[in-house]
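Before any comments, here is the structure.
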Number of protein chains: 2
Amino acid sequence: MSSNESNLADRLGHYVVLTDAERAALGALESEERQVRRGATLLEEGKASRELFIVRKGWLQSSVLLGNGGRQIMRISLPGDVLGLSALAFDEAPETVKALTDATVCPFDREQVTGLINSHPRLTALLLALTLAERTVLADRLASVGRTPARARIAWLLCDIFARLRIANPDHDAVHVPLTQEEIGDATGLTAVHVNRMMRGLADDGIIERRGSVVRLLAEDRLFDEANFTNRLDIATSWLPRAG
Amino acid sequence: MSSNESNLADRLGHYVVLTDAERAALGALESEERQVRRGATLLEEGKASRELFIVRKGWLQSSVLLGNGGRQIMRISLPGDVLGLSALAFDEAPETVKALTDATVCPFDREQVTGLINSHPRLTALLLALTLAERTVLADRLASVGRTPARARIAWLLCDIFARLRIANPDHDAVHVPLTQEEIGDATGLTAVHVNRMMRGLADDGIIERRGSVVRLLAEDRLFDEANFTNRLDIATSWLPRAG
DNA sequence: CGCACCTTTGAATGAGATCAAAGATGGTGG
DNA sequence: CCACCATCTTTGATCTCATTCAAAGGTGCG
């Protein structure tokens, strides 16, 4: 069940050198493990939930349903991500979270966050900064969907995914992307049919290569360029409280 | 210069009963006032900035510029809002902030946030919750722009503005909206021309009334309905740390 | 190996963009 | 106080990018 590793601690460790106490506090959030089957729903829009999660393994998606049957995918979550943070603002989940692959998550409840805030100011500040970075990525995504043509939106989504995967795996440039074209459409505000044509275009132009659901990046610079992508993975740390 | 009122304290006071110490800490953030002319830029995308602001008076907008000349407006800021929080995650502003009307803001720097986090866990938790609520609103906006037709997007924007104005002014239903149709377009991912046609449609259908830039809400329920709007202004407080 | 789901391609349609030009509005300086 | 000019709004005509509809291949899993 519990491993003495912590995905979240590893991630935060990129930004600051964690104290043992901090590492222990983060590890406590990952003391419980839950297996999730591909397709299973972890959180449902509108349903009560005070649970949060840290992703240990697998891919998940957060989405909302529109009145007209449409669906918007807000974010793809990867290992090391925190999920369901909005439980800290709302008693009812604003988004549905579904597993795209078999996944392992570590659930904890919001009272554990209360404890963290009370005793670890620096971790709290990091959590806030991470949340703000995520908000900024969401803003970038909005700009992409609101103000760029179909091809650039697809490019942006690929950049987002690749940039994040690179952290854990700097070498890999071929990735199994467990998203159907319909889902890519729901993330970019397009129809599956149009997604298909645009992906074909990117492949024809030698920017990506596709084999089934495996995507290989052939011309990262051109993709970033078409997407107008900004990497938001580095965060400012100079203002953080002293460790303690 | 300094007034002994705090917009932010008033706002947070809606959610919890603040202690004197908490009220004082928040007041300190608003000890300095700065006047901003309509059209003036407070923060510029890409430029260094460690300043944050609390809005005291006036309307402002946050936007990003796209490579192709397009612009996406992310958020309209009103009195009581915190602006420039992303300075806590990035040394360079990800968004440009511009005053839509003459405005008064209270600047403070991010080291003051450090102090707040060190000594006021409950305020820190509230700040986190507020940020998460804002992120959720951004997600709602993304769903609106990505997955609904032009008319519904305009409706959503109006709902967002009216819902927030209602807090300070529950009675008013006619509001001077200092946005050009071009700006409404930049917020909704539409052209000014199409915004014009959609607004006319909403007026023709008796949902709103327009006199110059003053908009009156005639059928709030129908507007909310068309927009698929969810009010995100209430936040959960049961998990917050005890005051102290 | 058969069925459900996904991808691919073609053709027709449509929502919103683009282009163009005529009113309205309001702030500024004379 | 008024006239002027810049900016914003409104409306029409045309165009285009993406949607919709339809149907033929693939793929993988039970």
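In the text below, chain A, chain B and the rest are named by the order of the sequence lines, each starting its count at 1.
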Query - Note: E182(A)-R71(A) ion pair, threshold 4.0 Å (strictly below) - result: no
Query raised in the report: Does the distance from a Lys or Arg side-chain N to an Asp or Glu carboxylate O, for E92(A) and K47(A), drop under 4.0 Å?
Result: no
Query raised in the report: So, is R200(B) near the phosphate of dT10(D), with a side-chain N or O under 4.0 Å from OP1 or OP2?
Result: no
Query raised in the report: What is the distance from CG of D204(B) to C1' of dT9(D), rounded to the nearest Å?
Result: 15 Å
**Report entry** Separation of dG28(D) P from R211(A) CZ (nearest whole Å)
**Finding:** 14 Å
Report task. Select base, sugar-phosphate, or nothing to describe what T180(B) touches, counting heavy atoms under 4.0 Å on all strands. Result -> sugar-phosphate
Requested in this report: Rounded to the nearest angstrom, tell me the gap between atom CD in E183(B) and atom C1' in dT9(D).
Outcome: 14 Å
Report task. Starting from C1' on dT19(D), measure out to CD on E182(A) and report it in whole angstrom. Result -> 13 Å
Report summary line: To the nearest 10 degrees, the angle between the two end axes of the helix from dC1(C)-dG30(D) to dG30(C)-dC1(D) (five pairs per end) comes to 50°
**Report entry** Evaluation steps, side chain to side chain contact (heavy atoms under 4.5 Å, CB included), between F53(B) and R34(B)
**Finding:** CA-CA 10 Å; F53(B) 305 89; R34(B) 188 181 304 170; 3.9 Å; yes
Query - Length of the line joining I154(B):CD1 and dT9(D):P, which is rounded to integer Å - result: 12 Å
Query raised in the report: Looking at R110(A) and D91(A), does any basic side-chain N land under 4.0 Å from a carboxylate oxygen?
Result: yes
Report task. Answer yes when R75(B) and D81(B) have at least one side-chain N-carboxylate O distance shorter than 4.0 Å, and no when they do not. Result -> yes
**Report entry** Salt bridge flag under 4.0 Å for residues D205(B) and R151(B)
**Finding:** yes
Requested in this report: Pick base, sugar-phosphate or nothing for G185(A), based on heavy-atom distances below 4.0 Å to the nucleic acid.
Outcome: nothing
Report task. Verify the contact: side-chain N or O of R210(B) to OP1 or OP2 of dT10(D), cut-off strictly under 4.0 Å; return yes or no. Result -> yes
Requested in this report: Provide, to the nearest angstrom, the distance between the NE2 atom belonging to H194(B) and the P atom belonging to dC17(D).
Outcome: 17 Å
Report summary line: Picking from dT20(D), dT9(D), dA18(D), the nucleotide nearest the side-chain atoms of Q181(B) would be dT9(D)
Query raised in the report: Atom CZ of R197(A) and atom P of dC21(D): how far apart are they, to the nearest Å?
Result: 14 Å
Requested in this report: Figure out the CE/P separation between M199(B) and dT11(D), and round it to whole Å.
Outcome: 13 Å
Report summary line: Contact span of DNA chain C against chain A, any nucleotide atom under 4.0 Å from a heavy atom, 5' to 3', runs dC6(C) to dA11(C)
**Report entry** Pair R153(A) + E226(A): basic N to acidic O under 4.0 Å
**Finding:** no
**Report entry** Residues R166(B), D173(B): salt bridge by 4.0 Å N-O rule
**Finding:** no
Query raised in the report: Quick one: on DNA chain C, does R38(B) or L190(B) contact a more 5' nucleotide (nearest heavy atom)?
Result: L190(B)
**Report entry** Partner of T104(A) under side-chain hydrogen bond (donor to acceptor under 3.5 Å, both in side chains), chosen from K57(A), R56(A), Q35(A)
**Finding:** Q35(A)
